Amino acid sequence: MSSFVLSLDQGTTSSRALLFDREGNITGSAQQEFPQIFPRPGWVEHDPREIWASQLATMEKVLGEAGPQEVAAIGITNQRETTVLWDRATGEPIHNAIVWQDRRTAAMIDRLREDGMEDVVRSRTGLVPDPYFSGTKLSWLLDHVDGARERAERGELAFGTVDTWLVWNLTKGERHITDVSNASRTMLFDIGKLDWDRELLDYLRIPSAVLPEVVSTGGVHAEVASGLPGAGLPIAALAGDQHAALFGQQCFEQGGIKNTYGTGCFMLMNLGDQLPAPHEKLLTTVAWQRDGSIRYAREGSIFVGGAVIQWLRDGLGILAESSDVLPLAESVEDSGDVVFVPAFAGLGAPHWDSRARGAIHGITRGTTAAHIARAAVESIAFQSADLFDAISADSDSPITELKVDGGATRDPLLLQFQADLLQIPVLRPKVIETTALGAAYLAGLAVGFWSSTEELSSQQRIDRTFEPSMPTDRARELRERWNEAVRRSLDWARD
Ligand SMILES: Nc1ncnc2c1ncn2[C@@H]1O[C@H](COP(=O)(O)OP(=O)(O)O)[C@@H](O)[C@H]1O
Ligand SMILES: O=P(O)(O)OC[C@H](O)CO
């Protein structure tokens, strides 16, 4: 009998492979960062070959240690919206992947609004029109790569989000599929009908021939091709990373809510099995489809979360390692009234301003790197508090605690400040790799490694609860200051 489920977690900054045992413990892992490409201000790309190579290397390492015969199934979870277009004959990408944070299609979104398509986007896809999603990125590739549109019409090219790209490579081109959670993020998918939307495809001039087949989130849809590590293993789940994290946090029922602090921050609340009406400021998305049933979620998305810490390290050069942010930020008592709005890629929910840009407010002669580091950490919590307010207002019952996960939740200062701003407890689980855990759960349930979600409930283990300790008035004052800083950062970029 197999002992493990393997998760492949393809994130914005790194690829990871993690093995989970029956109790949901991590028993093996490998991680590889890969380069971020910033060709112009506001543009963000990845080399799809590096995505695949790094994912393959981590998978090979983990399977080398455990032995593939010990693995029941593979679950894939991935950064969403990132858009890859490749040649079906050679499997070679025709351009770098355009990453979810990329803003190059802002003018296309303006045009879409002027053309009266906003309501179509909102009502069919559940999304707020924004360059964030794959639709305009794919259209841009078809317009800007020589001959791409004609080749796409002839059926020579394949489009995919990162799940699709990984499955294509894992099956050596046998399977061209995506799941409903990833499809929900393309701005081309009708989340009520669970099918591609003809009107949006026509509007963006996207030929159907490039599209993958849409499958459920949990279910055996492919197997690893021979000659690859883990050959023959079933690929039993595909899920967008935030959807997987919601599942990994065991938010199986309506009202379940979590916030993941990775490169960006994403707060999702389970809305149950009925298609909800669109929301003005938040996204509506398919959470997952499994066992013949569907769940929807409301989502608030922040484009720069943990990425602001990476920017302190790689852009500003004031940290050697991400973890150095804690001692630096803790070396001062507060941010010295410095407020950092990290709108490097515009602002997502609830502002939706693709022309907002980053700003550090309140710098004086006495400001040090430590104040800026502290303000950067705080900015992650301020943005998440804005999401929390929007999601709470949409919730039937008061939200009394927040489950959190993701790489940046290693930082206790961040989580304490989060609890202070929200004035509710913040719960960090023992396994902060909840995205990978969720993909493992989805895949393990699909192959009978676990029998039901009830069996998983004993696996919820809290590492630490952060209780609010700041006076309510102070929290309110800080949030007002933050709102003022955001206001001053809006509508900055010029085309
Ligand atoms: N000790 C730390 N303190 C604060 N942030 C951290 C720490 N370690 C990692 N991070 C941040 O967490 C993010 C990575 O989290 P992860 O969940 O791996 O993201 P992704 O899946 O988007 O690649 C990075 O942006 C990094 O800056
Ligand atoms: O790479 P992450 O974990 O920050 O997730 C990226 C999101 O899926 C983008 O929507």
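Whatever order the structure lists them in is the order used to number ligands and atoms, beginning at 1. The first residue of the sequence shown is numbered 1, and numbering continues consecutively from there. All figures in this text were calculated on a predicted structure; none of them were measured in a lab.
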(message) For atom 9 (C) of ligand 2, what's the nearest protein heavy-atom neighbour? Residue, atom name and distance, please.
(response) Glu81 OE1, 3.2 Å

(request) Indicate whether the side chain of Lys258 and that of Thr260 have a donor and an acceptor atom separated by less than 3.5 Å. (result) yes

(request) Answer with yes or no whether the side chains of His46 and Gln36 bring together a donor and an acceptor at under 3.5 Å. (result) yes

(request) Return yes or no for this condition: an N or O of Gln79 is under 3.5 Å from an N or O of ligand 2. (result) no

(request) Compute the shortest N/O to N/O distance between Arg80 and ligand 2 and return yes if it is under 3.5 Å, no if not. (result) yes

(message) Regarding Asp197 and Arg124, does a basic nitrogen lie under 4.0 Å from an acidic carboxylate oxygen?
(response) yes

(request) Below 4.0 angstrom from a heavy atom of Gln310, which ligand 1 atoms are there? Numbered from 1 as shown, please. (result) 25 (O), 27 (O)

(request) Return the residue, atom name and 0.1 Å-rounded distance of the protein heavy atom closest to atom 4 (O) of ligand 2. (result) Thr263 N, 3.1 Å

(request) Return the residue, atom name and 0.1 Å-rounded distance of the protein heavy atom closest to atom 5 (O) of ligand 2. (result) Asp241 OD2, 2.7 Å

(request) Could you tell me whether some N/O pair between Gly306 and ligand 1 is separated by less than 3.5 angstrom? (result) yes

(message) Check this for me, if you would: do Asp353 and Arg355 make a salt bridge, where the nitrogen-to-carboxylate-oxygen distance has to be below 4.0 angstrom?
(response) no

(request) Is it possible for you to check whether Arg104 lies under 6.0 Å from the centre of the six-membered ring of Trp140, through NZ or CZ, and within 45° of that ring's axis? (result) yes

(request) Could you tell me whether some N/O pair between Val325 and ligand 1 is separated by less than 3.5 angstrom? (result) no

(request) Using distance alone, determine whether Ile309 and ligand 1 share an N or O pair under 3.5 Å. (result) no

(request) May I ask whether Gly264 has any heavy atom positioned less than 4.0 angstrom from an atom of ligand 2? (result) yes

(message) Could you check whether Trp52 and Trp165 have their ring centres less than 6.0 Å apart?
(response) no

(request) Answer yes or no: does an N/O atom from Thr263 fall short of 3.5 Å to an N/O atom of ligand 1? (result) yes

(message) Looking at Asp163 and Arg185, is any side-chain nitrogen of the basic one under 4.0 Å from a carboxylate oxygen of the acidic one?
(response) no

(message) Taking 4.0 Å as the limit for heavy-atom contacts, which would you say applies to Thr12 with ligand 2: side chain only, backbone only, both, or neither?
(response) both

(request) Select the closest option to atom 15 (O) of ligand 1 among Ser14, Ala329, Gly407, Ala307, judged by heavy-atom distance. (result) Gly407

(message) Both conditions, 6.0 Å and 45 degrees, for the charged tip of Arg80 above the ring of Phe266: are they met here?
(response) yes

(message) With the threshold set at under 4.0 angstrom, would you say Arg16 reaches ligand 1 through any of its heavy atoms?
(response) yes

(request) Looking only at distances, please establish whether an N/O atom of ligand 2 is found under 3.5 Å from an N/O atom of Arg185. (result) no

(request) Tell me whether the guanidinium CZ or amine NZ of Arg40 lies under 6.0 angstrom from the six-membered ring centre of Trp43 and within 45° of its axis. (result) yes

(message) What I want to find out is whether Arg16 reaches Glu433 closely enough, with some N-O distance under 4.0 Å, to be called a salt bridge.
(response) yes

(request) Answer yes or no: is there an ion pair linking Asp337 with Arg481, defined by an N-O contact shorter than 4.0 Å? (result) yes

(request) Taking only heavy atoms of Tyr132 into account, list the atoms of ligand 2 that are under 4.0 Å away from them. (result) 9 (C), 10 (O)

(message) Which residue and atom name correspond to the protein heavy atom nearest atom 1 (N) of ligand 1, and how close is it?
(response) Ser323 CA, 3.5 Å

(request) Provide the number and element of each atom of ligand 1 under 4.0 Å from a heavy atom of Arg410. (result) 1 (N), 8 (N), 9 (C)

(request) Find all atoms of ligand 2 within a distance of less than 4.0 Å from any non-hydrogen atom belonging to Gln242, and give their numbers and elements. (result) 3 (O), 5 (O)

(request) Provide the number and element of each atom of ligand 1 under 4.0 Å from a heavy atom of Thr13. (result) 20 (P), 23 (O)

(request) Give the minimum heavy-atom separation between Ser134 and Phe159, together with the two atoms involved. (result) CB-CZ, 4.1 Å

(request) Considering the heavy atoms of Ser322, write down every atom of ligand 1 situated less than 4.0 Å from one of them. (result) 7 (C), 8 (N), 9 (C), 27 (O)

(message) Looking only at the aromatic ring of each residue, does the gap between the centers of Phe417 and Phe382 stay below 6.0 angstrom?
(response) yes

(request) May I ask which of Pro412, Gly262, Ser15 has a heavy atom nearer to atom 19 (O) of ligand 1 than the others do? (result) Gly262

(request) Answer yes when Arg374 and Glu333 have at least one side-chain N-carboxylate O distance shorter than 4.0 Å, and no when they do not. (result) no

(request) Just need the protein heavy atom nearest to atom 12 (O) of ligand 1, so name the residue and atom and give the distance. (result) Ala408 N, 3.4 Å

(request) With heavy atoms of Trp100 as the reference, note each atom of ligand 2 found under 4.0 Å away. (result) 6 (C), 9 (C)

(message) Judged on heavy-atom distance to atom 3 (N) of ligand 1, which of Asp411, Leu312, Asp324 sits nearest?
(response) Asp411

(message) Is a donor from one side chain sitting under 3.5 angstrom from an acceptor on the other, for Ser7 and Asp9?
(response) no

